[in-house]
Amino acid sequence: MRYCIFFSYDGTDYHGWQRQPNAPTVQQKLEEALQMMLRAEVSVVGAGRTDTGVHAAMMAAHFDWHEALDCSHLAFRINGLLPPDIAVREIKPVGDDWHARFSALWRTYHYYIINRKDAFRHRHALRLYFPLDIEQMNAAASLLLTHNDFGCFCKSHSDNKTNLCTVTEAHWSVQEDGSMVFRITANRFLRNMVRAIVGTLIEVGKGKMTIDDFRQVLLSGKRTEAGESVPAKGLFLENIVYPKP
């Protein structure tokens, strides 16, 4: 039988989602907790990779087990074994063809920027010391919806089979406290893509890059033409949409 897990995590102290030989990862912690409960080797397949320091408000994974499980009890017990910065929300049975990664229709990321010192958000947002032109940034961001090759925002030497992605929303909003949030939804994301997009849009907001410059970056397909990637700490995997049962 196949089971899916929906959970969240603060990625500050982890080297991303995927297991690594000499560094703590979220996948490692989740598998260790499951193995302790089920007393057998368990492999967990995640909805995708998140880089070192990236957070997830909603992440999904699946694993296979040979018999029926009491999902509510299992979720409760696993939460007791996991560190405080990883929290399981739900475990439930799914069809054998359900896949955490390949069944996903859309993924949404948020990136957070603050404009003043904040004792509670410094681990989860980028602090900037200069104003940004949000109208120009949104004008540039709208071009992402008209493009599908995002090689210019992909980390160099990545092993992607294709750089094609379909972006359905990309916009900035200002919160009541003056902080800014970038929201982007696509069917898939390339490695480092969101952080590179945000870094390039900041160049637009600073007035160092025009809308046409941003368009030329998209058309170039070259990572060297885009802006620097912003720090991982402000990035959250916010939501994953799956087909309804």
Side-chain angles (χ1 to χ4, degrees), residues 9-16 50-57 85 107-147 149-156 158 163 165 167-186 189-239:
Y9 56 86
D10 180 329
T12 303
D13 296 328
Y14 298 101
H15 287 248
T50 54
D51 291 336
T52 299
V54 176
H55 319 290
D85 49 11
R107 296 168 171 83
T108 297
Y109 280 90
H110 285 182
Y111 195 89
Y112 294 89
I113 292 176
I114 53 178
N115 57 9
R116 61 173 180 263
K117 189 175 182 178
D118 190 316
F120 301 103
R121 300 183 66 188
H122 68 99
R123 286 162 56 106
H124 306 112
L126 171 65
R127 184 185 178 189
L128 294 182
Y129 298 83
F130 45 80
L132 296 172
D133 187 332
I134 192 171
E135 290 187 7
Q136 287 292 100
M137 292 165 72
N138 274 330
S142 68
L143 298 178
L144 299 171
L145 279 64
T146 67
H147 203 76
D149 187 329
F150 292 94
C152 60
F153 296 126
C154 181
K155 188 171 184 177
S156 300
S158 294
N163 292 326
C165 307
V167 176
T168 59
E169 65 172 333
H171 63 86
W172 291 89
S173 59
V174 179
Q175 309 304 292
E176 290 184 3
D177 62 357
S179 62
M180 298 176 65
V181 182
F182 179 61
R183 177 182 175 91
I184 184 168
T185 298
F189 288 92
L190 307 177
R191 187 178 181 188
N192 203 52
M193 177 174 161
V194 180
R195 292 166 58 196
I197 288 174
V198 172
T200 310
L201 289 173
I202 286 175
E203 293 299 296
V204 175
K206 291 164 61 177
K208 293 189 174 182
M209 182 179 289
T210 66
I211 306 300
D212 190 58
D213 290 337
F214 189 83
R215 181 183 291 106
Q216 294 307 312
V217 169
L218 285 168
L219 294 174
S220 75
K222 298 178 180 179
R223 179 65 186 92
T224 53
E225 297 297 313
E228 294 184 5
S229 295
V230 288
K233 66 178 182 177
L235 183 59
F236 284 74
L237 175 57
E238 188 69 20
N239 192 32

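Counting begins at 1 with the first residue of the sequence. Since this is a predicted model, take the numbers as computed values, not measurements.
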- Item | Side-chain H-bond candidate by donor/acceptor type, Arg223 with Ser229, under 3.5 Å | yes
- Message: To the closest 0.5 Å, what do you measure between CZ (Phe214) and SG (Cys152)?
- Response: 7.5 Å
- Item | Test item: Met137 and Asp133 side chains (from C-beta on) under 4.5 Å apart, heavy atoms | no
- Note on the structure: Here the gap from Leu201 atom CG to Ile184 atom CD1, rounded to the nearest 0.5 Å, amounts to 8.5 Å
- Ser220 and Val217 have their tightest heavy-atom pair at OG-O, 2.7 Å
- Query: So how far is it from Arg107 CZ to Leu237 CG, rounded to the nearest 0.5 Å?
  - Reply: 8.0 Å
- Message: Could you tell me if the side chain of Lys206 sits less than 4.5 Å from the side chain of Leu132, heavy atoms only?
- Response: yes
- Does Asn163 use its side chain to pair, donor to acceptor, with the backbone of Asp149 at less than 3.5 Å? no
- Item | Nearest heavy-atom neighbours spanning Gln175 and Ser173 | NE2-OG, 3.2 Å
- Check the surroundings of atom CD in Glu228: do more than 12 heavy atoms from other residues, nucleotides or ligands lie under 6.0 Å from it? no
- Message: Going by salt bridge (charged side-chain N to carboxylate O under 4.0 Å, His left out), name the residues that satisfy it together with Glu169, two or more places apart in sequence or in a different chain.
- Response: Arg183
- Item | Backbone N/O of Gly227 and side chain of Thr200: donor-acceptor pair under 3.5 Å | yes
- Note on the structure: What one should report as the nearest heavy-atom pair of Ile211 and Ala140 is CD1-N, 3.7 Å
- Item | Expected output: side-chain Lys233 to main-chain Thr12 donor-acceptor under 3.5 Å | no
- Item | Thr52 backbone acceptor or donor facing His15 side chain under 3.5 Å | no
- Evaluate the side-chain proximity of Glu203 to Asp213: yes if any heavy-atom separation is below 4.5 Å, no if none is. no
- Steps toward side chain to side chain contact (heavy atoms under 4.5 Å, CB included) verdict (Val167, His147): CA-CA 8 Å; Val167 176; His147 203 76; over 6 Å; no
- State, yes or no, whether a side-chain contact exists between Leu218 and Phe150 at a heavy-atom distance under 4.5 Å. yes
- Check the pair Asp85, Tyr9 against side chain to side chain contact (heavy atoms under 4.5 Å, CB included), reporting the backbone distance first and the verdict last. CA-CA 5 Å; Asp85 49 11; Tyr9 56 86; 5.8 Å; no
- Closest heavy-atom pair, Cys154 versus Leu190, reported as atoms and distance to 0.1 Å, is CB-CD1, 3.7 Å
- Any side-chain heavy atom of Tyr14 sitting closer than 4.5 Å to one from Thr50? no
- CG/Leu145 to OG1/Thr168 distance, rounded to the nearest 0.5 angstrom? 7.0 Å
- Note on the structure: Closest heavy-atom pair, Leu143 versus Thr146, reported as atoms and distance to 0.1 Å, is O-OG1, 2.8 Å
- Query: Could you give the distance from NE2 (His171) to CG (Leu144), rounded to the nearest 0.5 Å?
  - Reply: 12.0 Å
- Message: I'd like to know whether the aromatic ring centres of His110 and Phe236 sit less than 6.0 Å apart in this structure.
- Response: no
- Query: Is Trp172 close to Ile113 at the side-chain level, that is, under 4.5 Å between some pair of heavy atoms?
  - Reply: yes
- Strictly under 6.0 Å, is that where the ring centroids of Tyr109 and Phe189 end up? yes
- Test item: Thr185 and Glu238 side chains (from C-beta on) under 4.5 Å apart, heavy atoms: no
- Message: For Asp177 and Ser179, which I'm curious about, is there any donor-acceptor pair between the side chains at under 3.5 Å?
- Response: yes
- Note on the structure: For Phe153 and Ala196, the nearest pair of non-hydrogen atoms, with its separation, is O-CB, 3.7 Å
Below 3.5 Å, can you tabulate the donor-acceptor pairs from side chains in residues 123-130 to any protein atom, sequence neighbours excluded?
residue: His124; atom: NE2; partner: Asp10; partner atom: OD2; Å: 2.7
residue: Arg127; atom: NH1; partner: Tyr129; partner atom: OH; Å: 3.3

